[in-house]
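In what follows, a single structure is set out as structure tokens and then discussed.
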Amino acid sequence: MEILEYSEGIILKDVKDFELKHIFDCGQCFRWNDDRDGSYTGVASGRAVRFIKDGSDVYIKGGKIHDKDFWIHYLDLNRDYGKIKDELSKDETLKEAIKHGEGIRILNQEPFETLISFIISANNRIPMIKRAVENISRNFGEKIIFEGREYYSFPDPERLSYATVEKLEECGCGFRAPYIVETTREILEGRADLEHIKSLDTDNAHRELIKLKGIGPKVADCILLFSMGKHDAFPVDVWVKRVMQHFYLAPDVSLKKIRDFGREKFGKNAGFAQQYLFYYARDLKGKEGLKN
DNA sequence: AAACAGGAACCAC
DNA sequence: GTGGTTCCTGTT
């Protein structure tokens with residue numbers, strides 16, 4: 001793969017294992033929207049761009065060449081997903097699941113944005129989460145003009161510290177509003193240090209994260225996987241719970257047991273397995289009739 | 001229009 | 001530590 005400049009941005013030439021829909025519509029991120037033509041527009045770390053796929057080339061319209069290392073990291077382009085898929089395909093269920101999410105990649109997102117977004121994800125659905133995250137960005141982030149339209153960066157802890165519980169409720173955060181205020185304060189005032197947590201191993205980082213208000217085991221696993229490079233994390237949401245119970249376990253095993261089983265079974269690739277399974281579960285809905 | 005979907009907190013035990 | 005209930009809001 002190489003990266004070139006073009007008139008409106010940059011091009012990633014000859015990218016493998018890369019499908020926009022699988023990457024941006026698989027529940028790992030909330031700020032990218034399908035423009036109804038298969039391209040996706042959104043904001044990452046203050047950069048508003050549009051992704052357009054053409055064959056094996058990916059256009060990042062609005063992308064700057066001096067940000068090329070940022071995009072390589074964000075899109076996890078240095079990882080060999082073919083190899084991961086080969087390893088996971090030894091398991092028959094995963095072999096099937098991978099077919100449904102061929103081009104998934106796990107993004108490397110900002111820890112703070114990911115943490116707040118997944119606090120909002122508790123007992124919530126993707127369109128609602130997206131709306132709340134968008135509202136927070138519009139109210140507390142910085143304006144970016146792209147293609148003649150307004151976009152907003154996700155606020156850093158300092159900017160989000162101006163948010164009150166009332167304002168966050170208006171943004172659609174519901175009962176999670178006080179958790180966001182409290183956790184933002186913990187981070188801003190240095191009692192929680194996301195960079196330090198990121199430097200710990202998966203188990204210790206998990207222990208630290210669940211000390212924070214609004215973060216339970218599942219949300220902690222999402223933060224670890226989607227923003228801290230912990231690919232051995234295995235977040236168990238309702239969808240993953242359903243596939244796991246259907247294909248591997250009894251219908252009544254606890255979330256913790258499913259988590260332990262997944263981490264044990266898929267090891268260093270547990271996070272990737274989780275993504276394929278999540279996508280698979282959502283495709284299976286209605287067809288095979290997953291229980292619960 | 002009542003039922004349902006979705007994880008964490010919180011309180012019992 | 002496990003189990004039951006509550007939180008909020010849109011959709012069916």
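So that the names make sense, note that chain A is the first sequence line, chain B the second, and so on, each numbered from 1. Keep in mind the model is a prediction, meaning the values are calculated, not measured.
A salt bridge does not link A/Lys268 to A/Asp232: none of the charged side-chain nitrogens sits closer than 4.0 Å to a carboxylate oxygen. We find that A/Arg263 and A/Asp203 are joined by a salt bridge, their nearest charged nitrogen and carboxylate oxygen being less than 4.0 Å apart. A salt bridge is absent between A/Arg131 and A/Glu134; no separation between the charged side-chain nitrogens and carboxylate oxygens falls under 4.0 Å.
For the segment residues 213-230 of chain A, the set of residues with a heavy atom within less than 4.0 Å of an atom of DNA chain B comprises A/Lys213, A/Gly214, A/Ile215, A/Gly216, A/Pro217, A/Lys218, A/Val219, in numerical order. Annotation: proximity of residues 124-131 of chain A to DNA chain C (heavy atom, distance under 4.0 Å) is found for A/Arg125, A/Met128, A/Arg131, numbered in ascending order. Contacts between residues 173-184 of chain A and DNA chain B, defined by a heavy-atom separation under 4.0 Å, are made by A/Phe175, A/Tyr179.
Partners of A/Asp193 under the salt bridge (charged side-chain N to carboxylate O under 4.0 Å, His left out) rule, at least two apart in sequence or in another chain, do not exist in this structure.
As judged by a 4.0 angstrom heavy-atom cut-off over every strand, A/Ile210 is placed among residues making no nucleic acid contact.
Applying the 4.5 Å side-chain rule to ILVMFWY residues, one finds A/Met1, A/Ile3, A/Ile10, A/Leu12, A/Val15, A/Phe18, A/Leu20, A/Ile23, A/Phe24, A/Trp32, A/Tyr40, A/Val49, A/Phe51, A/Val58, A/Ile60, A/Phe70, A/Trp71, A/Ile72, A/Tyr74, A/Leu75, A/Leu77, A/Leu107 in the same cluster as A/Ile65.
Legend: ring pair (Phe, Tyr, Trp, His ring centres under 6.0 Å) pairs involving residues 166-199 of chain A, not counting sequence neighbours: none detected.
Checking the phosphate oxygens (OP1, OP2) of B/dA5, no side-chain nitrogen or oxygen of A/Trp239 falls inside 4.0 Å.
Nearest heavy-atom pair across A/Ile98 and A/Ser89 is CD1-OG, 3.7 Å.
Rounded to an integer number of Å, the gap from NZ of A/Lys256 to C1' of B/dA8 is 17 Å.
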